[in-house]
Amino acid sequence: MAMITDAHVLRPEFVPSDVVHRDSEVRHLSKALRPITDGEPGETALLGGPSGAGKTCIARFAVQRLRENALGINTQYVNCWEDYSRFKTLYRLLKGIDRAFDVHRQSTPKDELLERLRDHDGSPYVVVLDEADQLDDTGVLYDLYRTTGLTMVLIANRREDLFSRLDSRLVSRLQTTTHVRFEKYGFDALVSILEDRVRWGLRESAISTDQLQTIADDAAGDARVAITVLRTAARRADQDDADSITDEDVAEAIPEAKAEITQKSTRRLTDDQRTLYEIVTEHGEIAPGDLYERYTERVSSPRSKRMVRNYLRKLCHYNLLVAEGENRGRTYHSVS
DNA sequence: CCTCCACTGGAAGATCGGGAAG
DNA sequence: CTTCCCGATCTTCCAGTGGAGG
């Protein structure tokens with residue numbers, strides 16, 4: 001008999017039908033969206049806080065609940081880290097209302113995408129823009145803000161990261177809208193989140209409270225990490241045809257889950273980016289000037305310094321590298 | 001303190017690749 | 001075929017910043 005009864009609930013994108021430990025955040029966000037049920041425009045909402053604090057989950061949950069309470073509301077989730085350009089973001093939004101069918105990358109006249117979005121039938125459209133600070137053209141946010149019938153839920157780790165890159169007109173308008181702050185989960189909250197997932201997705205007594213506490217302790221308030229470790233441990237035990245998860249499964253799942261996350265992000269790198277990653281990993285810590293020098297020695301046709309800085313920013317965002325210090329004092333480290 | 005300058009990241013424009021139009 | 005247009009990528013230029021080292 002399989003130990004995992006529902007693998008779905010252990011997946012990172014799973015949204016529980018009822019969320020716990022985030023009642024006030026849900027209420028706060030729902031309040032901003034409530035006018036939509038009465039045919040009024042919703043308020044732009046801004047969710048901020050560290051990763052794994054439940055921002056994405058709560059955004060999806062609140063939007064889902066809104067859909068259940070009112071008919072004819074369109075919704076779409078966009079991860080701006082993946083769809084980081086204006087074109088990709090707008091394309092994804094058009095897909096959410098089934099109007100992307102004949103858009104081909106080139107043939108489309110400039111900004112036909114935005115016009116198409118504005119032309120749609122007029123039913124409310126609630127869009128979640130996750131990692132909004134990662135857009136390379138934040139001007140699209142201004143255009144979306146000025147699109148009638150469209151309500152934005154913006155998610156960013158740090159509000160100032162987003163604001164510093166926005167059009168000042170938009171900043172002043174967003175100042176007065178709904179801001180929901182998320183804090184890291186406490187230890188007990190994390191354990192209880194894990195307990196729920198175990199109840200929904202694993203056979204009874206598959207894992208002990210002690211083991212869940214070990215996982216929660218390691219995750220340090222990050223629910224995404226905690227759930228990934230739980231999934232990895234469960235998969236290990238399942239492959240061994242075991243009845244329950246052993247302490248060894250948990251111990252090995254912790255580094256394995258982290259390696260899995262790293263590997264997943266490394267695959268998407270270009271040769272230049274991977275070279276930079278390797279140089280920093282080999283050195284452990286390196287100054288920007290040295291790093292660029294090593295890089296030029298190692299590749300046949302090196303990119304410019306400016307481009308390398310873009311690569312490094314990307315590597316930092318993937319959590320493959322850490323940048324420490326500002327300006328002249330900066331060094332790049334490998335993680336761990 | 002003060003000055004220098006290594007480094008960052010925004011802005012603007014060049015280049016590339018590929019699909020469409022002529 | 002060529003020309004045109006687009007997004008994506010990359011370079012060039014530059015203002016701002018704050019640590020190093022007088």
Side-chain angles (χ1 to χ4, degrees), chain A residues 78-96 99-119 129 131-144 156-172 174 265-277 279-280 283-334:
Chain A
V78 184
N79 185 322
C80 300
W81 173 247
E82 280 157 24
D83 294 327
Y84 50 84
S85 69
R86 177 190 184 83
F87 181 87
K88 284 179 175 165
T89 300
L90 291 174
Y91 185 82
R92 178 78 57 190
L93 292 179
L94 283 173
K95 264 190 155 174
R99 298 215 47 198
F101 42 87
D102 58 347
V103 174
H104 304 296
R105 196 161 65 85
Q106 273 79 22
S107 64
T108 323
K110 186 139 180 72
D111 254 351
E112 142 132 25
L113 271 62
L114 180 62
E115 275 163 43
R116 235 197 241 217
L117 197 56
R118 287 178 169 167
D119 277 352
L129 299 174
E131 309 211 47
D133 55 323
Q134 291 304 314
L135 286 167
D136 62 24
D137 171 22
T138 51
V140 69
L141 295 179
Y142 186 68
D143 292 329
L144 292 174
N157 281 18
R158 284 150 33 95
R159 196 184 67 177
E160 52 273 30
D161 285 349
L162 179 62
F163 275 22
S164 67
R165 308 190 50 237
L166 293 183
D167 183 304
S168 58
R169 288 168 299 180
L170 187 54
V171 170
S172 63
L174 290 183
S265 6
T266 321
R267 259 203 310 269
R268 295 166 67 174
L269 301 179
T270 65
D271 288 350
D272 292 85
Q273 290 162 354
R274 189 169 296 105
T275 303
L276 289 163
Y277 172 68
I279 294 168
V280 176
H283 285 74
E285 173 177 4
I286 190 167
D290 286 348
L291 174 56
Y292 188 73
E293 206 175 310
R294 297 279 177 285
Y295 162 77
T296 51
E297 287 163 6
R298 209 174 285 196
V299 299
S300 48
S301 55
R303 305 285 137 224
S304 68
K305 281 187 176 155
R306 184 66 186 87
M307 202 56 211
V308 164
R309 286 205 290 278
N310 285 343
Y311 292 157
L312 288 168
R313 208 148 95 91
K314 194 169 203 163
L315 290 167
C316 289
H317 185 85
Y318 274 132
N319 275 321
L320 293 169
L321 300 181
V322 178
E324 200 169 81
E326 305 281 303
N327 299 324
R328 232 182 139 153
R330 176 165 288 191
T331 55
Y332 291 97
H333 304 238
S334 50

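So that the names make sense, note that chain A is the first sequence line, chain B the second, and so on, each numbered from 1. Because only heavy atoms are used, hydrogens play no part in the values below, and waters and symmetry mates are left out as well, while side chains stay in.
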Distance check needed: C:dT9 P versus A:Arg313 CZ, whole Å only. 15 Å
Rounded to whole angstroms, how far apart are CG on A:Asp111 and C1' on C:dC6? 12 Å
Minimum heavy-atom separation for A:Asp272 to A:Ser301, with atom names? OD2-O, 4.5 Å
Atom-to-atom span, CZ of A:Arg86 to C1' of C:dA8 - whole angstrom: 15 Å
Look at A:Tyr84 and C:dA8 and indicate whether a side-chain polar atom (N or O) is within less than 4.0 Å of OP1 or OP2. no
Taking atom C1' of C:dA8 as reference, at what distance in whole Å does atom CG of A:Asp83 sit? 14 Å
Among A:Lys314, A:Arg313, A:His317, which residue meets the side-chain hydrogen bond (donor to acceptor under 3.5 Å, both in side chains) test with A:Gln134? A:His317
Salt bridge (charged side-chain N to carboxylate O under 4.0 Å, His left out) pairs touching residues 290-306 of chain A, sequence neighbours excluded, are A:Glu282-A:Arg298
side-chain N/O A:Ser85 vs C:dA8 OP1/OP2, d < 4.0 Å: yes
Can you list the steps and then say if A:Asp111 with A:Arg86 is a side chain to side chain contact (heavy atoms under 4.5 Å, CB included)? CA-CA 10 Å; A:Asp111 254 351; A:Arg86 177 190 184 83; 3.1 Å; yes
State plainly whether the residues A:Asp119 and A:Arg99 are in salt-bridge range, i.e. N to O under 4.0 Å. no
Have a look at A:Tyr311 and say if it touches a base, only the backbone sugar-phosphate, or nothing, with a 4.0 Å heavy-atom cut-off. sugar-phosphate
Separation of A:Phe87 atom CZ from B:dG17 atom P, in whole Å? 19 Å
Per-nucleotide protein contact string for nucleotides 11-22 of chain C, where B marks a base within reach and S marks sugar-phosphate only (heavy atoms under 4.0 Å, - for neither): BB---BBBB---
Between B:dA20 atom P and A:Glu112 atom CD, what is the distance in whole Å? 14 Å
Counting only side-chain nitrogens and oxygens, does A:Tyr332 get under 4.0 Å of the OP1 or OP2 atom of B:dT8? yes
In terms of the angle between their ring planes, are A:Tyr292 and A:Tyr295 parallel, tilted or perpendicular, with boundaries placed at 30° and 60°? tilted
A:Asp161 pairs by side-chain hydrogen bond (donor to acceptor under 3.5 Å, both in side chains) with which of A:Arg165, A:Arg159, A:Arg158? A:Arg158
Nearest-Å distance for atom pair CG/P, residues A:Asp136 and C:dT9: 9 Å
When the distance from CG of A:Leu135 to P of B:dG10 is rounded to whole Å, what number comes out? 13 Å
